[in-house]
Amino acid sequence: MTQAPSDDRVAPPPTVPRRTALDRFFDLTGRRTTVGREVRGGITTFVAMAYIVLLNPLILGASADITGAKLSAAQVTTATALAAAVTTILMGLVGNAPLALAAGLGINGIVAFQMAPAMTWAQAFGLVVLEGVCIVLMAVSGVRERIMNGIPPALKTAITVGIGLYIALVGFVSAGFVTRVPDVAGSSVPVQLGLSGHLAGWPIAVFCLGLLLMVVLVSRKVPGAVLIGIAVTTVFAIVLHDGFGVGDWGRTEPTLPSQVLAAPDFGLFGDVDLFGGFVSAGPVTATVFLFTLVLSGFFDAMGTITSVSDEAGLSRDGKVPGMGRILLVDGAGAIAGGVTGSSPNTVFLESAAGVGEGARTGLASVVTGLLFGATLLVAPLAGVVPAQAAAPALVVIGGMMVSQIRRVPWHDTDFTIPVFLTAAVIPFTYSITNGVGAGLVSYVVIRIGKGRWPGWLLTGLALVFAVYFGITGVEKLFG
């Protein structure tokens with residue numbers, strides 16, 4: 001019996017596609033994404049948060065400083081777009097994370113309505129710069145990353161869930177689907193459906209149709225579902241407004257602008273007084289302002305970075321790769337906000353909208369930042385998308401984030417109430433910082449009450465939050 005001759009030839013190994021420089025820089029292949037997904041995600045994030053270019057001037061412009069001076073809307077618009085563009089691109093290139101930055105809502109209110117009446121605008125923005133310096137120092141020293149990694153995973157999950165509820169509520173409120181019950185109503189119920197307990201008007205109909213369209217597209221896993229939903233709803237809103245005269249859209253009217261180009265005004269750039277606020281407002285008051293800015297900026301960003309990174313699948317064992325660089329850029333964002341005159345810049349919750357569209361790397365942030373840069377010249381176009389078209393994205397993404405609640409160990413009594421308080425206080429008080437504080441304080445008290453030492457780090461944070469919650473008493477105590 002003869003044996004057939006064997007074929008000693010070895011099949012050549014399969015060819016591996018050569019990675020482009022863009023792929024290697026952002027690790028697109030490693031994070032299982034594509035250029036198309038990143039571009040789509042970056043555009044979606046921009047569309048979801050472009051309102052800040054219009055809203056920030058309204059907030060900062062509504063207050064006067066100690067001299068009675070008010071800020072120019074054109075200058076604040078330029079400052080807002082410039083700071084958002086620079087810091088978001090920096091996040092993409094340095095942090096390689098799908099996180100966009102802009103003037104933080106809530107924090108800008110502190111600057112406008114608490115700080116400015118006690119000092120000049122230049123002095124207020126000087127304290128903003130000092131806040132950024134403090135946060136950068138904590139990031140460089142590793143203290144900030146150590147704090148973030150020291151928080152138990154269950155509480156981090158609770159932060160994600162709370163932020164999901166928060167951005168969904170923001171979406172409902174901005175669209176007018178949920179409204180505040182007027183004080184004159186004499187009711188103990190704070191909010192209601194629509195303006196009178198019922199839904200009425202075309203703007204609400206646009207929001208509902210956009211939400212249903214987006215839900216269907218997302219459930220069918222259609223690529224670009226969120227962006228398609230925003231685009232279709234915006235076109236519908238423009239037709240209703242310009243074609244049929246439908247009004248009552250809120251702060252952003254969906255109308256085609258009369259002009260596309262507008263020259264930027266850099267009048268606020270560099271107008272800062274670092275230490276003058278300690279003279280005008282007094283050292284104690286200025287220190288309280290600085291403490292509030294640092295604490296709010298620190299934990300608002302911590303919650304957002306953790307939750308959005310987790311939603312993007314970037315977390316490993318509860319930790320986010322490259323967290324040190326991400327935190328460094330976030331701190332630099334506060335400094336940029338002070339230097340430009342736009343108030344502290346921080347990571348935006350709306351970054352989750354881009355993540356929902358597939359964004360996984362800093363390339364998406366570069367795209368978002370470039371679009372913010374473009375608004376320096378085409379600011380009128382930023383006002384085309386009404387809240388009723390962008391809000392459905394926040395509701396849908398919020399629902400996706402709340403699904404993380406399945407990871408909570410509800411059987412562990414150490415976490416049951418702290419997780420609940422964290423997730424509930426965030427949307428109920430419109431503050432990530434408040435929710436994080438409530439969860440940490442209750443967790444530390446429970447651990448100590450059960451005879452289990454939670455460690456110096458968490459105990460120290462709980463004490464800091466105790467001071468934060470009782471800051472009015474502290475101010476009175478020190479005059």
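All values reported here derive from a predicted model rather than from experimental measurement. Only this structure's heavy atoms are used, side chains among them; waters, hydrogens and symmetry mates stay out.
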If I compare all heavy atoms of Gly95 with all of Arg325, which pair ends up nearest, and what's the gap? CA-CB, 4.3 Å
Using only atom types and a distance under 3.5 Å, with no angle test, would you say the side chain of Asp65 pairs donor to acceptor with the backbone of Trp121? yes
For the pair Arg40 (side chain) and Gly358 (backbone), establish whether a donor and an acceptor sit closer than 3.5 Å, ignoring hydrogens and angles. no
Test item: Asn96 side-chain N/O and Phe26 main-chain N/O as donor-acceptor pair under 3.5 Å: yes
Is any side-chain heavy atom of Phe207 closer than 4.5 Å to a side-chain heavy atom of Val395? yes
For Val181 and Ser187, which heavy atoms make the closest approach, and how far apart are they? CG1-CB, 4.3 Å
Using side-chain heavy atoms (C-beta onward) and a distance below 4.5 Å, is Leu370 in contact with Val366? yes
Min side-chain heavy-atom separation Leu209-Thr233 under 4.5 Å: no
Verdict with supporting geometry, Phe25 and Leu363, side chain to side chain contact (heavy atoms under 4.5 Å, CB included): CA-CA 9 Å; Phe25 185 87; Leu363 179 57; over 6 Å; no
Side chain of Thr44, backbone of Gly354: donor and acceptor closer than 3.5 Å? no
Looking at Thr368 and Gly42, would you say the former's side chain and the latter's main chain have a donor-acceptor pair under 3.5 Å? yes
Backbone of Gly176 reached by a side-chain donor or acceptor of Thr179 within 3.5 Å: no
Is the closest side-chain heavy-atom distance between Phe415 and Trp410 below 4.5 Å? no
Can you name the nearest heavy-atom pair linking His241 to Pro254, along with the distance? CB-O, 3.5 Å
Between Arg407 and Asp310, is there a salt bridge with N-O shorter than 4.0 Å? yes
List in chain and number order the residues that pass ring-ring contact (aromatic ring centres under 6.0 Å, His included) with Tyr430, two or more places apart in sequence or in another chain; answer none if no residue qualifies. Tyr166
When rounded to the nearest 0.5 angstrom, what distance separates CZ in Phe269 from OG1 in Thr78? 12.0 Å
Nearest 0.5 angstrom please: Gln404 CD to Glu311 CD, how far? 5.5 Å
To the nearest 0.5 Å, how far apart are CG in Leu371 and OG1 in Thr88? 10.5 Å
Just wondering, do Phe125 and Val339 contact through their side chains at under 4.5 Å, heavy atoms? no
On a heavy-atom basis, which atom in Lys70 and which in Ser63 lie closest, and how many Å separate them? CG-O, 3.7 Å
Within a reach of under 6.0 Å around CG of Leu199, are more than 12 heavy atoms found that belong to other residues, nucleotides or ligands? yes
Between Thr255 and Asp242, do the side chains contain an N or O donor and an N or O acceptor separated by less than 3.5 Å? yes
If you count every heavy atom of other residues, nucleotides or ligands that lies below 6.0 Å from Phe291 atom CZ, does the total exceed 12? yes
What's the shortest heavy-atom distance between Val206 and Leu240, and which atoms? CG2-CD1, 3.5 Å
So, taking the atom named OG1 in Thr77 and the one named CD1 in Ile52, what distance separates them when rounded to the nearest 0.5 Å? 10.5 Å
Among Thr80, Leu268, Leu71, find the one that has a side-chain contact (heavy atoms from CB on, under 4.5 Å) with Leu60. Leu71
Could you tell me whether the side chain of Glu131 and the main chain of Ala334 form a donor-acceptor pair under 3.5 Å? no
What is the minimum heavy-atom distance between Ala438 and Phe469, and which atoms define it? N-CZ, 3.7 Å
Side-chain contact test, heavy atoms from C-beta onward, threshold under 4.5 Å: evaluate it for Val216 versus Leu212 and give yes or no. no
Are Thr33 and Glu38 linked by a side-chain donor-acceptor pair shorter than 3.5 Å? yes
Test side-chain contact (heavy atoms from CB on, under 4.5 Å), reference Leu99, set Thr346, Thr87, Ile305, output is Ile305
Could you give all pairs that pass the ring-ring contact (aromatic ring centres under 6.0 Å, His included) test and reach residues 319-342, with sequence neighbours left out? none
Which value, rounded to the nearest 0.5 Å, describes the distance between Asn345 atom CG and Met91 atom CE? 10.5 Å
Euclidean distance, Ser343 OG relative to Asn56 CG, rounded to 0.5 Å: 4.5 Å
Under 4.5 Å between any side-chain heavy atoms of Phe348 and Leu101, yes or no? no
Determine yes or no for a side-chain-to-main-chain donor-acceptor pair under 3.5 angstrom, with Arg406 supplying the side chain and Ser403 the backbone. yes
If only atom types and distance count, is the side chain of Thr304 paired as donor or acceptor with the main-chain N or O of Ala301 below 3.5 Å? no
Between Arg31 and Arg360 (side chain of the first, backbone of the second, donor and acceptor by atom type, cut-off under 3.5 Å), is there such a pair? yes
May I ask you to test the Met115-Leu293 pair for a side-chain heavy-atom distance under 4.5 Å? yes
